[in-house]
Q: 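Mind having a look at this structure? Questions to follow.
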Amino acid sequence: MIRTLALTACVAALGLSAAPGRAEEAKNVILFLGDAGGVSTLSAAGILENDRPLSLFIQSMPNIALSDTSALDEWVTDSAAGMTAIVTGRKTNNAMVSALPGAGGQAVPVKSLMEYAEQRGLATGIVTNMPIWDATPAANYAHVARRSDKTEIFRQMLKPRYGDGVDVLIGKGRADADAVMGGDARKAFAAADYSLGDDLSLVAKPKRAAVLRDADFAPMPALEATLARLAKNPKGYVLVVEWDMHTDDPRAGLRHVGEMDAMVRRAHELAGKDTLILFTADHSFGLRMVGGSRATPLAQQYEPSDKSVITVERNHTGEEVIVAASGPGADKVRGFMPNTRLFDIMLSALGWKRDE
Ligand SMILES: [Zn+2]
């Protein structure tokens, strides 16, 4: 970063503009992860909400690619292997969280982008509408062989390998935290220097914050509070926002797409131009739009029990998912790519090199 500034100053002193095509570094990275947000789900959600195609903000982002999502051991990934590939750059077996299969069934940890950020003193945050220990958020801070190992995931959340741990944790799972920590998680979180509560006002305070609830919460206040907090760090930040958009319940899943899309738009308003913003999915899902007339708003035509407009096969599917990007480093998001390349794109945008 200092080198970049020195070069920029030097170039300016010579009265030259910056060399064309020279990659600029990002100070911050925001990764929006639409869990199960395949192209067909995004498309249907946008038309259902706005009655026109290409109405999502995500669909206006300048750089896109299609990302393979296969796991190391199977063609169709779960969230654990899917998120591991994106945040560590390594494909692993389904159910493994930021860990690779090693000799004798051992799980070998692999360092996540958020751990690189913690090691370098950047601010870090996770916002999710799922339990904070679930596979997708956990891949940022924990390394376990089995995604169901809730106790170990919470233990690692409070005992980080790098830095002082994730600065802002917002999600569900308060009852889970209490259950694995002897009935009341507050003491364990306090011992790890966290304030634990259900009120977003904790995020504005200097202490690291875990806002864990068991009910749904409004996405925008959580995003805004987190961005305001993380932006205070002069070194920058890495923020991961996961919004579940599985369409087992199609109405809820499709509504979640609109919620995340609004968050992606808001992040573009709030974050500086030195922020790489990405949207992708860990895997696709078996939702398809198969009908619908333009004469009537789709929301009036669509009944989940009626299979003439939208059908849902309730399973993850193996086709590529979209990556949309803007900001420094976004120009590398193009063509078909393995999901692991997202890690390299984020790491190099921040000016870092892989060290394991
Ligand atoms: Zn998933």
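Basis for what follows: all heavy atoms, side chains included, without hydrogens, waters or symmetry-related copies. Remember, it's 1-based here, ligands and their atoms both numbered in the order they're listed.
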Q: Just to confirm my numbers, could you give the angle made at the Zn ion (ligand 1) by OD1 of D35 and OG of S79, rounded to 10°?
A: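 Approximately 120° at the metal, rounded to tens of degrees.
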Q: Checking side chain to side chain contact (heavy atoms under 4.5 Å, CB included) against L56, which of V264, L42, I47 comes through?
A: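 So, applying the side chain to side chain contact (heavy atoms under 4.5 Å, CB included) to L56 and each of V264, L42, I47, only L42 qualifies.
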Q: With a cut-off of 2.8 Å, does D78 place any N/O/S atom under that distance from the Zn ion (ligand 1)?
A: no
Q: Restricting to N, O or S, what is the name of the atom of H283 that lies nearest the Zn ion (ligand 1)?
A: NE2
Q: Output yes if H246 passes the N/O/S-under-2.8 Å test against the Zn ion (ligand 1); output no otherwise.
A: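 It does not: H246 brings no N, O or S atom closer than 2.8 Å to the Zn ion (ligand 1).
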Q: Does the side chain of T124 pick up a donor-acceptor pair with the side chain of E118 at under 3.5 Å?
A: yes
Q: Pick out which of N339, T77, D73 makes a side-chain hydrogen bond (donor to acceptor under 3.5 Å, both in side chains) with K91.
A: N339
Q: Please report the shortest heavy-atom distance between L122 and N233, naming the atom on each side.
A: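 Looks like C-ND2, 3.5 Å.
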Q: Can you name the N/O/S atom of D282 that is nearest the Zn ion (ligand 1)?
A: OD2
Q: For the rings on H246 and H316, is their centre-to-centre separation under 6.0 Å?
A: yes
